[in-house]
Amino acid sequence: MAADKVDPIHQFHINKLIPIEIGGYDLSFTNSALFMVATVVVAAAFLFLTTSSRSLVPGRLQSVSEMAYEFVGNMLRDAAGTQGMKFFPFVFSLFMFVLVANLLGLFPYFFTITSHIIVTFGLAALVIGTVVVYGFMKHGFGFLKLFVPHGVPVFLLPLVVLIEVISFVSRPVSLSVRLFANMLAGHITLKVFSGFVVSLSALGAVGVAGSVLPLAMAVALTALELLVAFLQAYVFAVLTCMYLNDALHPGH
Amino acid sequence: MADKNRPDGTGETGRGKQHEADIRDDDLERRRRDLEASLATRRPDRLEGKDDAKAGSMAGYGQALKLSSEFIAGVVVGAGIGWIIDRLAGTSPWGLIVFLLLGFGAGVLNVMRSAGVVAEFGQGDNSRRDQDDKK
C-alpha cells in the first residue's frame, strides 16, 4: 500500500483542471497554470498589503518588502549601472516570481512550477529576448560588437566570433537548465528520503527506529531546499542583470 | 616593511654597497606596490566568490552545478546549431561535427567566463578600466 505511493516523479505530473481547446491548440488550465496564478497573486498581495500603510518607520512585514526592493535595486545598480534602473520593474518581477514560485513549491502537495524546464526556459527566453531587442533598438548594428572581442588577430576573428555567438545562444539554455535542475533534483531527493521513512516504518519496530535517519535527512534537506530556493532566485536575477548590462553597454 | 627587508638586501651586497641596496629596496617597494595594485583589481571577483561561500556548504555544490550547466549548454547549443544547419543545407554530417567542436570551445569559454578567468562579452584587456568608468 505504502510502497506504490512512493513515486518521486509523480509530483511533477501536469493535470488538466479546466480543459480548454482553441483552434486545435490545447490551452487547458492546468495545475501548473494554477500555481503560476497563485504565485503572482501571493507575490502581488504580499507587496501590496505590506506597503499599503506606507509608514515612515516600517513594521516587520513592510521592512521585508523594502529589503527585497533594496536588494534587487542594489544588485541591478551594481551590475548594470544607474542606466540599468529602467529595467528595475522587469528584474524585480522576475526575482519575486521565481522566489515565490520556489518557496510555494516547498509546501507539501504543492506544485513546483520552476521544476519544469519549459517554464524556466520561457523566463530565460524573455530575458534574452529583452537583451537582444533592447540592444538592437539602442545601438543598432553596433550591438553586434558584443561578439567581437578586442585585440584578436584578424585571421582568428571568424572562429572567435562563431564561438562567441554560440556562447551567447547558450546563455538562456544554461540559465534555464540551472534553475530547473536545482528545483527538480532537490524535490526528487526530498521525496526519495521521505519515501524511505514511509517504507521503513512499514517494517515494524526495527524499521520505525531505523526511519529516524532518513527523517533527519529529510528535515535537513528541507532546510537546504529553502536555501536553494533563495539562492536560485538570486542567481537568476543576478545573471539577468549581467545580461542586461551587455544590452546597455556592448563592447564599449 | 622596508626595514624588514633591508638585512636581506645588505647581507648579499656587503657593507660597501649600501647605496645600491637602497635602490634595490626602492625597486622592490615599487614592485610590491604594483603587485598590490594589480591584485586589488582582481579582488571584486574574489569577493563575489566569498558571497557564495557565505551561503554555507552549498557553495561548492552550487559552483559545480553552475559550471557544469554552462559547459553542457555550450556543447548542446553547438550541436543543435550544427544539426539545424545539416537539416537545412543537407551537409550531414559536417555541420554537426564542426559545430559540435565549436560548441565545445564555447562551453569552455562559458566556464572560464563564469569562473572569472576570461573577460566578459565584448571586452578585452581594458575591461577593468571600463568597470571603473561605470562606477
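Lettering of chains follows the sequences in order, A, B, ..., and the numbering in each one begins at 1. Any value given below was found using the heavy atoms of this structure, including those in side chains, with hydrogens, waters and symmetry copies removed.
Heavy-atom contacts from other residues, nucleotides or ligands closer than 6.0 Å to OH of A:Tyr134 number more than 12. Residue-environment remark: CD1 (A:Ile118) stays at or below the threshold of 12 foreign heavy atoms within 6.0 Å. Around CE of A:Met67, the count of heavy atoms belonging to other residues, nucleotides or ligands within 6.0 Å does not exceed 12.
For the set A:Leu175, A:Leu239, A:Ile166, A:Val238, the count of heavy-atom pairs under 4.5 angstrom toward chain B peaks at A:Ile166.
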Test side-chain contact (heavy atoms from CB on, under 4.5 Å) applied to A:Ser167 and B:Arg113, step by step: CA-CA 10 Å; A:Ser167 168; B:Arg113 195 167 267 154; 3.6 Å; yes
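The CG atom of B:Leu109 sits 8.5 Å away from atom OG of A:Ser170, with the distance rounded to the nearest 0.5 Å.
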What side-chain donor-acceptor pairs closer than 3.5 Å can you find for residues 87-94 of chain A, not counting sequence neighbours?
from    : atom 1 : to      : atom 2 : distance (Å)
A:Ser93 : OG     : A:Pro89 : O      : 2.5

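For residues 70-86 of chain B, every residue pair satisfying the side chain to side chain donor-acceptor pair (under 3.5 Å) rule, not counting sequence neighbours, is listed here: A:Arg178-B:Glu70, B:Asp86-B:Thr91.
Looking at B:Leu102, the atoms closer than 4.5 Å to chain A (heavy atoms on both sides) sit in the backbone and in the side chain alike.
The minimum heavy-atom distance linking A:Ser174 with B:Ser69 is given by the pair CB-O, 3.7 Å.
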